[in-house]
Each structure stands twice: as structure tokens, then as C-alpha cells.
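In what follows, chains carry the letters A, B, and so on, assigned in the order in which the sequence lines appear, proteins first and then strands, with residues in each chain numbered from 1.
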Amino acid sequence: MPNLKDIRRRIRSVKNTQQITKAMKLVSASKLRRAQDAILAARPYAMKMMEVLNHLAARCNHDLHPLLAERQGGKVLLLVITSDKGLCGGFNGNILRRTAAYLKENGNKDTALMIAGKKGYDFFKTRSSNIIKHYIGWTRHFEYQMAVDIADILAKLFMEGDVDRIFMVYNEFKSVMAQEVLVEQLLPIVPEKNRNVKEHVVDYIYEPEEEAILDKLLERYMRTEVFRAFLESAASEHGARMTAMDSATRNAGEMIGGLTLTYNQARQAYITKELIEIVNGAEALKG
Amino acid sequence: MSLLQLSIVTPQRLIVSDQVDQVNIPGTEGDLGILYDHAPILTGMRSGQLSYQKEGQTIVLIVSGGYVEVTENRVTVLAETAEFLDEIDRGRAEAARQKAEELLNRADLTDEEFHTAQKKLFRAIARLEGTESSH
């Protein structure tokens with residue numbers, strides 16, 4: 001028969017855990033609101049920017065600007081966006097698995113990594129010898145300026161020929177419950193594959209000249225894209241954590257229910273046993 | 001009548017998404033009036049007044065820098081900032097103008113500082129000019 005004291009102790013410990021997960025859920029919920037507002041506000045601009053760039057890439061001559069030019073080389077850089085903290089379900093696991101699979105497929109040597117988030121860095125610091133840069137603690141305090149810095153570094157690496165293609169691996173915010181791991185090509189900028197290109201695609205009139213406007217526009221595009229990816233990831237993280245903590249709280253509740261039942265059964269059995277002993281004792285005295 | 005699909009977005013939010021008759025844009029190389037069937041164009045935008053006409057009404061916004069793309073009768077304005085006239089705080093704009101002017105009068109600015117100050121000044125002036133007529 002289980003020991004009453006042990007069960008009591010377990011119930012108490014599960015209750016404590018439940019309190020923590022519940023608090024974490026509430027904290028994530030409020031952070032999620034802010035992050036969600038940020039990403040939903042930033043999306044229209046980023047989407048329109050991407051649309052314009054897509055049109056542009058479909059129209060203009062790709063030799064026009066180095067950031068548009070496809071190159072033969074196989075040197076790839078992945079910008080991997082993870083979180084700094086755990087307890088958020090499969091949020092980081094999915095990203096890491098996807099990245100690791102990519103490394104395995106394409107060889108460790110030619111794939112450079114740039115990692116945001118402690119979780120990603122901890123995972124890859126022993127597995128990859130080619131981490132160019134890592135950012136730890138970004139989830140606590142993220143600003144547009146950081147996206148600008150990263151975008152500028154990436155553009156520079158690409159222009160100088162250190163890498164030939166750049167992808168971003170991050171969680172896209174679908175809804176509070178759902179995130180999707182995306183591997184998105186950042187550079188060179190390519191037009192969408194399935195675009196039904198009309199036959200009479202005319203080049204733009206550029207004001208001022210092409211180079212001047214492209215330089216600025218592409219720089220802006222890179223920054224916007226990187227910024228958006230980080231916001232997506234932040235919102236996804238809070239969503240994932242909230243969902244994970246919600247189910248943890250529920251599980252703890254179920255566990256407490258089960259334990260309470262066992263506890264009551266054990267207590268009842270104990271009382272019954274004592275009663276029987278008393279009755280038996282009285283009978284024996286009578287006889 | 002054929003209409004243009006106009007979208008104005010800033011990094012902060014979506015400002016306008018509407019069917020309109022005409023759009024007037026302060027381009028870097030001069031003002032542009034965009035009507036139906038305009039040739040595809042990609043242009044920079046300076047600080048100033050952007051207006052569009054819809055059902056006989058003219059709506060004015062103050063924008064500060066950005067890009068405009070016109071393709072297939074869709075006008076996409078990627079602005080740094082964009083405000084409707086009634087959203088503008090003249091007092092703040094005036095203060096910003098003075099501050100920028102003071103800064104520009106100093107001799108020890110780096111090129112970059114000079115450019116930011118200049119941009120701020122243009123933005124403030126655009127806001128003030130835009131609201132002048134309505135006050």
C-alpha cells in the first residue's frame with residue numbers, strides 16, 4: 001500500500017510545478033500579445049517590399065546589381081534564429097533538426113552558420129566548425145538596429161564573395177497554436193518560381209538612375225526581411241511557450257487529480273483497516 | 001471608370017489600401033501624377049505631400065522618404081512615415097524644425113549627422129507646409 005505521506009508530498013510538488021507553468025503561461029500570453037502586434041504591424045510593409053522586389057527581379061537585368069546575381073559557387077550561409085530560453089515545446093527542436101539535416105546533406109564544410117539565440121548556439125558550437133557570428137540574449141531586447149547590423153554584415157559577406165547564397169531558417173508565426181519552420185532564401189534575391197510572367201514584361205522607368213535606387217532599395221529590403229524574420233520568431237516563441245505551458249498546466253492538473261484519488265483510496269483503506277482492528281479487538285474482549 | 005489599386009505602407013503599419021482615381025507623388029526627381037495605365041515605374045520619394053483622388057475627393061498625406069512602384073495599375077508606396085493631415089501635431093513639427101535647424105548651423109557635424117539632420121528638417125517642413133493651408 002502506498003505511503004500516505006509520500007503521496008501527499010508528491011501532490012504538493014506537482015502543485016508547485018503547476019503554479020510555475022501557470023505563471024509562465026500568463027507571462028507568455030502577455031508577451032505574445034506585444035510580439036503579435038509587432039509582427040502583424042510589420043508584415044504589410046515587408047510583404048509589399050517583397051512584392052516590389054519580386055517584380056523587380058522578374059523584370060530587370062540581374063547583372064544590374066551584385067545582390068541580384070546568381071553565382072555558381074556552393075558556399076552557403078544559414079542564418080538560424082532560435083530562442084534563448086527553453087520550455088517552449090518543439091520550437092527550437094524543429095529549427096535545429098532542420099538545420100542539422102541541411103548540414104548533413106550539404107556538408108559541414110561549405111556551410112557557414114550565423115546563429116541567433118542561446119539554444120541554437122549551444123547546440124551547434126560543438127557540431128559545426130563554421131559559426132561566423134552568434135547573438136545571445138536577443139530575445140530579451142530586440143531592436144530594428146540589430147536587424148540592420150545583421151543585414152549589413154550578410155550583404156557584405158555576399159558582395160565580397162565569402163558566401164554565394166544565404167538562407168534564413170526561422171519559425172513563421174501562423175497562429176498562437178501553430179508555427180512553421182521556414183527555410184527562405186535571402187540572397188541572391190530571386191523572383192517567385194510560379195509567377196506567370198506575362199509576355200510583355202517591360203522594364204521600369206527608374207527615377208533616379210537604376211543603380212542609385214537599387215542600392216538603397218535592396219539595402220532596405222534586406223533589413224526589412226531580417227527584421228521581419230526576427231519578429232516572426234519572437235511571436236512564434238511566445239506562442240509556442242504559451243501552448244506548451246498550457247498543456248503542462250493541464251497535465252499537472254490531471255496528475256494531481258489522479259494522485260488525490262490514490263491518496264483518498266489509501267486513506268480510506270487505512271481507516272477501514274483500523275476500524276476492523278478495533279472491532280476485532282472488541283469482539284475478542286467480549287468473548 | 002478604371003481605378004488604381006493604391007497601397008501605402010510604412011514599417012509601422014498599413015496606412016491605406018484603396019481603389020482610387022489618381023495619385024500624386026513627391027518623387028525624388030519631381031512630382032508625379034499617376035493615372036490609369038501608367039507605365040511601370042520605380043522611383044524614390046522625398047519628404048512632402050502625397051495626395052490621391054477618390055470619388056471627387058482629394059485626400060492628402062504627409063510622407064517622408066521611401067519608394068514608389070507602379071505596375072499594372074497597382075501603386076505601391078513604401079514610405080518611411082505617412083500621416084494624414086489631421087494626425088499632425090504642428091507644435092511638435094515646429095520644435096523638430098527648430099532643433100534640426102540649430103543642428104545644421106553647427107560646423108562640426110559629420111556627413112552622416114548632417115544628412116540625418118537634413119532629413120529631419122525636410123520632414124518637419126513637409127509637415128508644417130502641409131498643415132498650413134488647413135489652418
Fill in: Interface moiety of B:V77 toward chain A, non-hydrogen atoms closer than 4.5 Å
neither
Item to complete: With the side chain counted from C-beta on, respond yes when A:Y45 and B:L78 share a heavy-atom pair under 4.5 Å apart, and no when they do not.
Response: yes
Practice prompt. Find out whether B:T71 and A:Y204 are in side-chain contact, i.e. whether some heavy atom of one side chain is under 4.5 Å from a heavy atom of the other.
Written response: yes
Worksheet item: Any Lys/Arg nitrogen of B:R74 or A:E51 sitting under 4.0 Å from an Asp/Glu carboxylate oxygen of the other?
Response: yes
Worksheet entry | For B:L42 against A:I213, the heavy-atom pair lying closest together | O-CD1, 3.6 Å
Worksheet item: For the atom pair CD1 (A:I205) and CD (B:E29), what is the distance rounded to the nearest 0.5 Å?
Response: 12.5 Å
Response to the item:
For residues 4-20 of chain B against chain A, heavy atoms under 4.5 Å, the residues are B:S7, B:V9, B:T10, B:P11, B:Q12, B:R13, B:L14
Discussion item. Does A:R33, at its CZ atom, have more than 12 non-hydrogen atoms belonging to other residues, nucleotides or ligands within less than 6.0 Å?
Written reply: no
Worksheet item: According to the salt bridge (Lys or Arg N to Asp or Glu O under 4.0 Å) rule, which pairs have a member within residues 226-242 of chain A, sequence neighbours left out?
Response: A:R43-A:E232, A:E184-A:R228, A:E225-A:R228, A:R228-A:E232, A:E237-A:R241
Practice prompt. For B:R92, check salt bridge (charged side-chain N to carboxylate O under 4.0 Å, His left out) against everything at least two apart and list the hits.
Written response: none
Worksheet item: Applying a criterion of heavy atom separation less than 4.5 Å, what residues of residues 57-66 of chain B form contacts with chain A?
Response: none
Item to complete: Would you mind reporting whether A:H55 and B:E72 have side-chain heavy atoms less than 4.5 Å apart?
Response: no
Fill in: Heavy atoms from other residues, nucleotides or ligands near NZ of B:K54 exceed 12 (cutoff 6.0 Å)
yes
